[in-house]
Amino acid sequence: MPFSHILWGAFVAAFIAVLLCTGPSRAAERDKVKAFLQVTGFDVAIDSIALSASTAPLMLGLEEDAFGLEWTLLSKKVFDRELMQTRATDILEATLSDDVLAHGAAFYASELGQRLVEVENASHLADDDEKAAEGDRLLRNWGEEGDQRVALFQRMDVAIDPQDIGSQAVAEIQVRFILAASYAGVVELRTDEDGLRSMLRESAEEFAQEREQSALRNAAYTYQSFSLEELTAYTEALEDPMMMQLYELMNAVHFEVMSNRFEALAIAMGQIQPQQEL
């Protein structure tokens with residue numbers, strides 16, 4: 001057995017021990033949440049929010065390198081991983097019930113769950129272009145089995161976000177970021193908030209189609225090593241009402257942390273000026 005798997009087994013054992021500890025103290029509950037974030041891989045999902053900082057100038061119609069060398073330091077400071085983890089933990093500590101936490105932990109601490117977390121964590125940090133290219137190649141070459149996999153991926157997507165809150169949240173983050181950047185003097189907005197929202201609504205259908213294709217390519221890349229039986233088991237686990245409740249909460253936390261950091265980024269961007277090419 002690889003040494004990394006031995007370490008993971010020891011971690012899971014320690015995690016379960018933490019969950020079984022009962023007590024009224026706030027610290028114990030917080031330890032539960034922190035262990036839960038690690039065993040489910042949600043901590044890596046929160047960390048990966050920092051990778052989205054590179055899209056910020058593009059949202060404002062600026063070149064990706066418009067802020068020069070200051071950009072790296074600025075984005076690293078705003079998307080501070082410890083700060084984001086603390087914010088996510090604070091929210092989950094106040095809202096995540098013991099029953100839902102235990103249900104999600106039981107699945108992700110299983111053998112299948114551990115393997116899923118491993119590939120999902122790796123996928124969060126992989127290059128987006130490489131994921132898209134490889135996912136597209138897999139979808140084209142799978143043949144009949146690919147149709148079955150796509151059907152499972154689509155069920156997984158619905159189970160994780162049945163009300164398509166993700167698309168609405170992304171649009172809201174864009175609006176709040178662009179408005180904050182306008183108030184900070186980074187860009188001059190030629191319309192008001194209503195006009196901005198109207199523009200986004202006009203492109204909503206196109207965005208939804210792109211998001212669906214991107215989700216399929218990402219899923220194909222991420223879960224390529226799993227059999228149809230394993231994907232079916234994962235899909236059915238995600239469709240459990242308690243798991244759906246868990247993902248509804250985790251999605252809300254993820255988007256709240258992202259929105260908060262993008263608004264902070266807009267304010268920080270106002271303190272530096274885009275570098276103009278002479």
Side-chain angles (χ1 to χ4, degrees), residues 1-48 85-86 88-124 149 152-163 165-166 218-219 222-257:
M1 180 180 295
F3 183 64
S4 60
H5 286 194
I6 296 174
L7 288 178
W8 179 259
F11 171 76
V12 171
F15 165 75
I16 292 174
V18 169
L19 286 185
L20 292 177
C21 290
T22 58
S25 69
R26 178 181 176 86
E29 294 301 315
R30 193 170 186 85
D31 286 345
K32 279 187 183 183
V33 174
K34 288 182 176 180
F36 172 81
L37 291 174
Q38 289 181 303
V39 83
T40 59
F42 190 54
D43 59 335
V44 177
I46 292 295
D47 281 347
S48 69
Q85 292 291 342
T86 298
T89 303
D90 287 345
I91 299 172
L92 288 173
E93 186 181 12
T95 57
L96 185 60
S97 71
D98 285 341
D99 288 345
V100 173
L101 182 150
H103 180 86
F107 174 76
Y108 283 108
S110 69
E111 181 181 356
L112 175 60
Q114 292 172 44
R115 289 174 54 214
L116 287 162
V117 169
E118 185 177 359
V119 299
E120 288 171 353
N121 284 351
S123 181
H124 281 310
R149 286 177 174 268
L152 289 170
F153 296 154
Q154 290 172 333
R155 282 174 59 187
M156 289 163 61
D157 196 43
V158 171
I160 290 172
D161 187 10
Q163 304 300 321
I165 299 299
N218 183 69
T222 303
Y223 305 114
Q224 59 184 289
S225 62
F226 290 82
S227 68
L228 283 173
E229 291 74 17
E230 290 170 330
L231 289 176
T232 299
Y234 189 27
T235 301
E236 291 174 351
L238 292 174
E239 290 174 338
D240 182 280
M242 196 167 287
M243 190 72 91
M244 292 176 71
Q245 182 180 344
L246 171 63
Y247 268 90
E248 181 180 20
L249 177 57
M250 291 202 300
N251 288 341
V253 171
H254 188 274
F255 288 120
E256 197 286 329
V257 172

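Residue indices begin at 1 and follow the sequence shown.
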A.B. asks: Please report the closest heavy-atom contact between Leu238 and Ala159, naming both atoms and the distance.
C.D. replies: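 Minimum heavy-atom separation between Leu238 and Ala159: O-CB, 3.6 Å.
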A.B. asks: From Leu112 CG over to Glu229 CD, what is the distance, rounded to the nearest 0.5 angstrom?
C.D. replies: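 Rounded to the nearest 0.5 Å, the CG-CD separation comes to 12.0 Å.
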A.B. asks: Nearest 0.5 Å, please: how far is CD1 in Ile165 from CD1 in Ile160?
C.D. replies: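 The CD1 atom of Ile165 is 14.0 Å from CD1 of Ile160, to the nearest 0.5 Å.
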A.B. asks: Side-chain contact test, heavy atoms from C-beta onward, threshold under 4.5 Å: evaluate it for His103 versus Gln245 and give yes or no.
C.D. replies: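 Answer no - side chains too far apart.
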A.B. asks: Between Phe107 and Tyr234, is the gap from one ring center to the other below 6.0 Å?
C.D. replies: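 Ring centroids of Phe107 and Tyr234 are less than 6.0 Å from each other.
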A.B. asks: Is the shortest heavy-atom distance from the side chain of Leu152 to the side chain of Thr232 under 4.5 Å?
C.D. replies: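 Contact flag for Leu152/Thr232 side chains = yes.
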A.B. asks: Given 3.5 Å as the limit, does a donor-acceptor pair link the side chain of Ser123 with the main chain of Val119, or not?
C.D. replies: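 Side chain of Ser123 to backbone of Val119: no pair is present.
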A.B. asks: Identify the residue among Glu29, Arg30, Lys34 that makes a side chain to side chain contact (heavy atoms under 4.5 Å, CB included) with Lys32.
C.D. replies: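 Testing each of Glu29, Arg30, Lys34 against Lys32, the sole residue satisfying side chain to side chain contact (heavy atoms under 4.5 Å, CB included) is Glu29.
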A.B. asks: Quick one: does Ser48's side chain have a donor or acceptor within less than 3.5 Å of a partner on Ala45's backbone?
C.D. replies: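 At least one qualifying donor-acceptor pair exists.
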A.B. asks: Distance check, rounded to the nearest 0.5 Å: Glu120 atom CD versus His124 atom NE2?
C.D. replies: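 So the gap between those two atoms works out to 6.0 Å.
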A.B. asks: Check the surroundings of atom CD in Glu248: do more than 12 heavy atoms from other residues, nucleotides or ligands lie under 6.0 Å from it?
C.D. replies: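 Result for CD/Glu248: open.
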A.B. asks: Please verify the inter-ring angle class for His254 with Phe42; under 30° counts as parallel, over 60° as perpendicular, anything in between as tilted.
C.D. replies: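 Answer is tilted, since the angle falls between 30° and 60°.
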A.B. asks: Report yes if some heavy atom in the side chain of Leu116 is under 4.5 Å from a heavy atom in the side chain of Tyr223; otherwise report no.
C.D. replies: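 Counting from C-beta outward, Leu116 and Tyr223 do come under 4.5 Å.
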A.B. asks: Hey, are the side chains of Asn251 and Asp161 touching, using non-hydrogen atoms and a 4.5 Å cut-off?
C.D. replies: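 When only atoms from C-beta onward are counted, Asp161 and Asn251 do touch, with a gap below 4.5 Å.
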A.B. asks: Can you confirm whether Met243 sits close enough to Leu246 that some side-chain heavy atom of one is under 4.5 Å from a side-chain heavy atom of the other?
C.D. replies: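 Yes; the side chains approach each other to less than 4.5 Å.
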A.B. asks: For residues Leu249 and Val100, determine if any side-chain heavy atom of one lies less than 4.5 Å from a side-chain heavy atom of the other.
C.D. replies: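 No - every pair of side-chain heavy atoms lies 4.5 Å or more apart.
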A.B. asks: When rounded to the nearest 0.5 angstrom, what distance separates CZ in Arg149 from CZ in Phe226?
C.D. replies: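 One finds 10.0 Å between CZ of Arg149 and CZ of Phe226.
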A.B. asks: Atom CG of Asp31 and atom CD of Glu93: how far apart are they, to the nearest 0.5 Å?
C.D. replies: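 Result: 9.0 Å between the selected atoms.
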A.B. asks: Taking all non-hydrogen atoms of both residues, which atom of Val117 and which atom of Val39 are closest, and how far apart?
C.D. replies: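 Result for this residue pair: CG2-O, 3.4 Å.
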A.B. asks: Please step through side-chain hydrogen bond (donor to acceptor under 3.5 Å, both in side chains) for the pair Gln85 and Asp43, ending with a clear verdict.
C.D. replies: CA-CA 7 Å; Gln85 292 291 342; Asp43 59 335; 5.3 Å; no
A.B. asks: Does any part of the side chain of Phe153, heavy atoms only, come nearer than 4.5 Å to the side chain of Asn218, both counted from C-beta?
C.D. replies: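 Answer no - side chains too far apart.
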A.B. asks: So, for Arg115 and Ser225, which heavy atoms are closest and what is the spacing to 0.1 Å?
C.D. replies: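 That would be NH2-O, 4.0 Å.
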